[in-house]
Structure formats: C-alpha cells, structure tokens
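These numbers were taken from a predicted model, which means no experiment stands behind them.
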Amino acid sequence: MKTIDNRRELKGAAAVVTGAGSGVGAAVCAALADAGARLYLIGRSEDKLRRVAEKAMETGAAAAEVSSGDVGDSSFCEGAAAAAVARFGRLDILVNNAGVIHRARAEDTADDAWTRVIRTNLDGVFWFSRAAIARMRAQGGGAIVNIASTVGLVGAPNLAAYCASKGGVAQLTRALAVECAADGITVNAVCPGAIDTPMLFSAHADGVDESQVRARNTGMIPQGRLATPAEVARAAVFLAGEPHITGALLPVDGGYTAR
C-alpha cells in the first residue's frame, strides 16, 4: 500500500474480510468501501455475502468479490488468499473477524463445542494470517487486524472456550507483530466488549430474553451502552491504515477493561 503523510492509503487497497456477512464483518466492509478499498468477502452464507458486497459497491468500494467457506479449514484459507491475490494482484489488508460463541460452564462444555470455537476463532485466524503473511512479505508489507475481545484480556464466567480462543488471538497478534515487523507487516487486534449484534443475544439459557441480556451488559459498561458494529469497524480500519502501530490490543469497550 502507498502511504500519504505516513498513513497507508486505503483507496484501491485489496482487503480480505472474514465473517463478512453480518455484524462487525459487514460494518468493516462498509467502512473499507467508504475508503475506496477493493474487497474480498469471506463467510459461510453466499447470499449474505452478496448482499454486503452489493451495498459496498453502492457506497464506494472499488470492487467486491465473495467466497463462501469455513475459515476453520486451512486449505480453504490458503485457497481464498490465493484467489484474492489472483483477482486483485495483491493482498494489502486482512481483517480476521469470523467467530462463534458457546455459553456454558466449563464442566458442561462438550468436546465438540470446545473444538468448534477454537477451530473457528483461533485456528482460523492463524490459518488465514499464515496465508496472508506469505503474500504480504513477497509484496513488501501489509496489515492484519484481528477482532479479539475484552474476554481475551479478562476472564468471564460460562465462556471458557470463547475466552480461551480470544486470549489466544491476543497472544497470536503479539507474536506475529514481532515476527513480521521487519517485513513491513503490521498485526494488531481490536478488542470489543459487548456489541449490539445478534451474537450477543444468541445461545443463552432458555428464559433469558434480549432485554435481560442488554441490561446485564450495559450495567457492566461505565459508559452505560453497547458498542455499535460501526464503532468496532472504525477502530479496525484505523489500525489497518497506521504503519507504525503493531502488536496493539485496542479495547473498544466503553471503559469496561479500565475499571
């Protein structure tokens, strides 16, 4: 990517976004589209991806392609990275956003639930980052932004698998930042708290409704409100554009981790 006043130029940059079909991923695509980037959208639902891609084109994206698949499959990640480079000639930005959640006490977390969360949230970040780094190094640099979580920084009950996966993302971010620094590749993470997306309200015990979830989460946030997907997306795009910030874990949490 070119730089202007020591900030990366996002217009025309080739960006891959995982988990792009909804929530934070869709918001990241919208923010990158507004900056004039070329987008390669990854997710499980091709229909959702196409809707996000169409909207991105309407709001300024230089191009928008989609690819449906599972980021927990290392061969898919390698193939998608190769396809993005074949389409755009380079890979400037990778936003690792795809994620799933499982809510249960540790002793009630089954093997398959643990594996599903770790494979998507942590393995997928590693598989896609590995594929991107090889290509970014060859072209002289790039930016990786991981969507981690405040529960990758502090603990939370009934979220053992999710906490472990996001804590792993935080440490993977730091490790890759140091490893890739001399290659002009920055690696950072946004660590959102509670976000007003369907995931926040999903997979709760029977009888727990949206109003209860909203009240419980806002009650723990000093600002007294949930983050919006757009707020998280702006932080991700900011980190993608800054060439001298690497290894950072940026909370977007209304003061939750400052207590």
**Student:** Quick one: closest heavy-atom pair of Leu94 and Ala132, and the distance?
**Tutor:**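 Looking at all heavy atoms of both residues, the closest pair is CD2-CB, 3.8 Å.
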**Student:** Write down the atom of Ala236, the atom of Ile147, and the distance for their closest heavy-atom approach.
**Tutor:**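 The answer is CB-CD1, 4.3 Å.
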**Student:** For Gly241 and Arg7, which heavy atoms make the closest approach, and how far apart are they?
**Tutor:**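 Gly241 and Arg7 have their closest heavy atoms at O-CG, 3.2 Å.
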**Student:** To the nearest 0.5 angstrom, please state how far the CG atom of Asp34 sits from the CZ atom of Arg234.
**Tutor:**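 Output value for this atom pair is 11.0 Å.
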**Student:** Are Tyr256 and Gln223 close enough that some pair of their side-chain heavy atoms sits under 4.5 Å apart?
**Tutor:**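 Answer no - side chains too far apart.
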**Student:** Is there a donor in the side chain of Arg8 and an acceptor in the side chain of Thr186, or the other way round, less than 3.5 Å apart?
**Tutor:**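 The criterion, which ignores hydrogens and geometry beyond distance, is satisfied for Thr186 and Arg8.
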**Student:** Can you tell me how far the CD atom of Gln139 sits from the CZ atom of Arg135, to the nearest 0.5 Å?
**Tutor:**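 It is 10.0 Å, given to the nearest 0.5 Å.
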**Student:** Please examine the side chains of Glu65 and Leu39, heavy atoms only from C-beta on, and report whether any two atoms are closer than 4.5 Å.
**Tutor:**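 Result no, sub-4.5 Å side-chain heavy-atom pair not found.
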**Student:** We want to know whether Asn96 and Ser129 form a side-chain donor-acceptor pair, criterion being a heavy-atom distance below 3.5 angstrom.
**Tutor:**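 Yes, Ser129 and Asn96 have a side-chain donor paired with an acceptor closer than 3.5 Å.
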**Student:** Any side-chain heavy-atom pair from Trp127 and Val71 closer than 4.5 angstrom?
**Tutor:**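 No, too far: nothing below the 4.5 Å cut-off.
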**Student:** Do Asn188 and Ile144 touch side chain to side chain, with heavy atoms closer than 4.5 Å?
**Tutor:**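 Side chain of Asn188 against side chain of Ile144, heavy atoms only: no contact under 4.5 Å found.
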**Student:** Show the nearest heavy-atom pair for residues Ser202 and Ile101, with the distance to one decimal.
**Tutor:**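 Looking at all heavy atoms of both residues, the closest pair is OG-CG2, 4.0 Å.
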**Student:** Is there a side-chain contact between Pro229 and Ile195, using heavy atoms and a 4.5 Å cut-off?
**Tutor:**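 Touching, per the 4.5 Å side-chain cut-off.
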**Student:** Can you confirm whether Asp209 is buried at CG, in the sense that more than 12 heavy atoms of other residues, nucleotides or ligands lie under 6.0 Å from that atom?
**Tutor:**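 Above 12, so yes.
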**Student:** Any heavy-atom pair between the side chains of Ile185 and Val187 that's under 4.5 Å?
**Tutor:**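 Val187 vs Ile185: side chains touch.
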**Student:** Does Thr173 form a side-chain hydrogen bond (donor to acceptor under 3.5 Å, both in side chains) with Asn146? I'd like the steps, not just the answer.
**Tutor:** CA-CA 7 Å; Thr173 297; Asn146 300 321; 2.9 Å; yes
**Student:** Heavy atoms only: give me the nearest Asp70-Arg44 pair and the separation to one decimal.
**Tutor:**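 Heavy-atom minimum between the residues: OD1-NH2, 3.2 Å.
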**Student:** Using a 4.5 Å cut-off on heavy atoms from C-beta on, say whether the side chain of Ser67 contacts that of Phe76.
**Tutor:**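 Sidechains of Ser67 and Phe76: in contact.
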**Student:** I'd like to check Tyr162 versus Asn121 (side-chain heavy atoms, cut-off strictly below 4.5 Å). Are they in contact?
**Tutor:**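 Counting from C-beta outward, Tyr162 and Asn121 do come under 4.5 Å.
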**Student:** Between atom CD of Gln171 and atom CG of Leu249, what is the distance when rounded to the nearest 0.5 Å?
**Tutor:**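 Gln171 CD to Leu249 CG: 8.0 Å, rounded to 0.5 Å.
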**Student:** Would Asp47 and Ser45 satisfy side-chain hydrogen bond (donor to acceptor under 3.5 Å, both in side chains), going step by step from the backbone distance to the final call?
**Tutor:** CA-CA 5 Å; Asp47 288 342; Ser45 169; 5.2 Å; no
